[in-house]
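Here's the structure, in C-alpha cells; my notes come after.
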Amino acid sequence: MTTPDTPPGSGGFLDQLGDAVGDLGKLAHATGSSAGAPSGGYSFEPDQLNEIAREWDDLAEAYTGDILLAERLARVEGPGAEYASGDNALCVRQSGEALLSALWSRIEYCRSQAEKFRAAAGQYAEAEASAGDQIGNQGGSL
C-alpha cells in the first residue's frame with residue numbers, strides 16, 4: 001500500500017494521517033531505545049501493541065467517515081442540461097468512484113494492520129505465560 005498521493009502541507013485529513021504515522025514511529029523508536037532493542041529494531045509491550053492497534057482502528061474509522069463525502073462526489077449531477085455540465089459531472093463522478101475505491105483499500109489496510117498488532121500482542125502474552133510456566137515447573141518464579 002502506498003501513501004496517499006497528495007502534496008505535503010495540503011491540509012486536512014492526510015496531514016493528520018502523516019502526523020499519526022510519525023507519532024507511531026516516534027513511539028516505536030523511543031520504546032525500542034529504552035528497552036535496549038538492537039539498532040534498527042523495535043520492542044513493544046503487549047499494552048503498547050494494543051494501543052497501536054487502536055490507533056489503526058481509529059484511522060480506519062476516520063477513513064470510514066470520509067466515505068460519506070466521497071459518495072456525494074460519486075453521485076454528483078451537472079447543474080444544467082448542456083454538454084459541458086454533463087461531462088464535468090461525469091468526471092467528478094469518476095473521481096468520486098476512484099476516491100471511494102482508494103478509501104476502502106485504506107480502511108482494509110488499516111484494519112489488517114490493527115489485527116497484526118493484536119495478534120503480536122497475543123503471541124507475546126502467550127510466550128510470556130509459557131515462559132512463566134516453565135520457570136514455575138523448575139521451581140523458580142517470574
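Here the structure is a predicted model, which is why all the values come from computation and not from measurement. What you see below is based on every heavy atom in this structure, not just the backbone, and it leaves out hydrogens, waters and symmetry mates.
Using modelled atom types, one side-chain atom of Ser105 and one backbone atom of Ser101 make a donor-acceptor pair closer than 3.5 Å. Put simply, the side chain of Ser112 never gets that close to the backbone of Glu108: no donor and acceptor are under 3.5 Å apart.
Across Thr64 and Arg111, no two heavy atoms sit closer than the pair OG1-NH2, 3.8 Å. In this structure, Val76 and Ala89 approach most closely via the heavy-atom pair CG1-O, 3.7 Å. The minimum heavy-atom distance between Ala60 and Cys110, with the atom names listed, is CB-CB, 3.8 Å. The nearest pair of heavy atoms linking Tyr124 to Pro46 is CD2-CG, 2.8 Å. The two residues Gly96 and Leu73 come nearest to each other via the heavy atoms CA-CB, 3.7 Å. Here the closest heavy-atom approach between residue Arg93 and residue Glu77 is recorded as NH1-CA, 4.1 Å.
Here the NZ-CD1 distance, from Lys116 to Ile52, works out to 14.0 Å after rounding to the nearest 0.5 Å. Taking CD of Gln94 as the reference point, atom CG of Leu90 lies at 4.0 Å (rounded to 0.5 Å).
Heavy atoms of other residues, nucleotides or ligands lying less than 6.0 angstrom from CD of Glu71 number more than 12.
Exactly one residue among Leu103, Ile107, Leu100, Leu99 makes a side-chain contact (heavy atoms from CB on, under 4.5 Å) with Asp66. That residue is Leu103.
In the hydrophobic clustering of ILVMFWY residues, with side-chain heavy atoms under 4.5 Å counting as a link, Trp104 and Tyr63 come out together.
Put simply, the side chain of Leu49 does not reach to within 4.5 Å of the side chain of Arg118, judged on heavy atoms. With contacts defined as side-chain heavy-atom distances shorter than 4.5 Å, the pair Phe117/Glu51 does not qualify.
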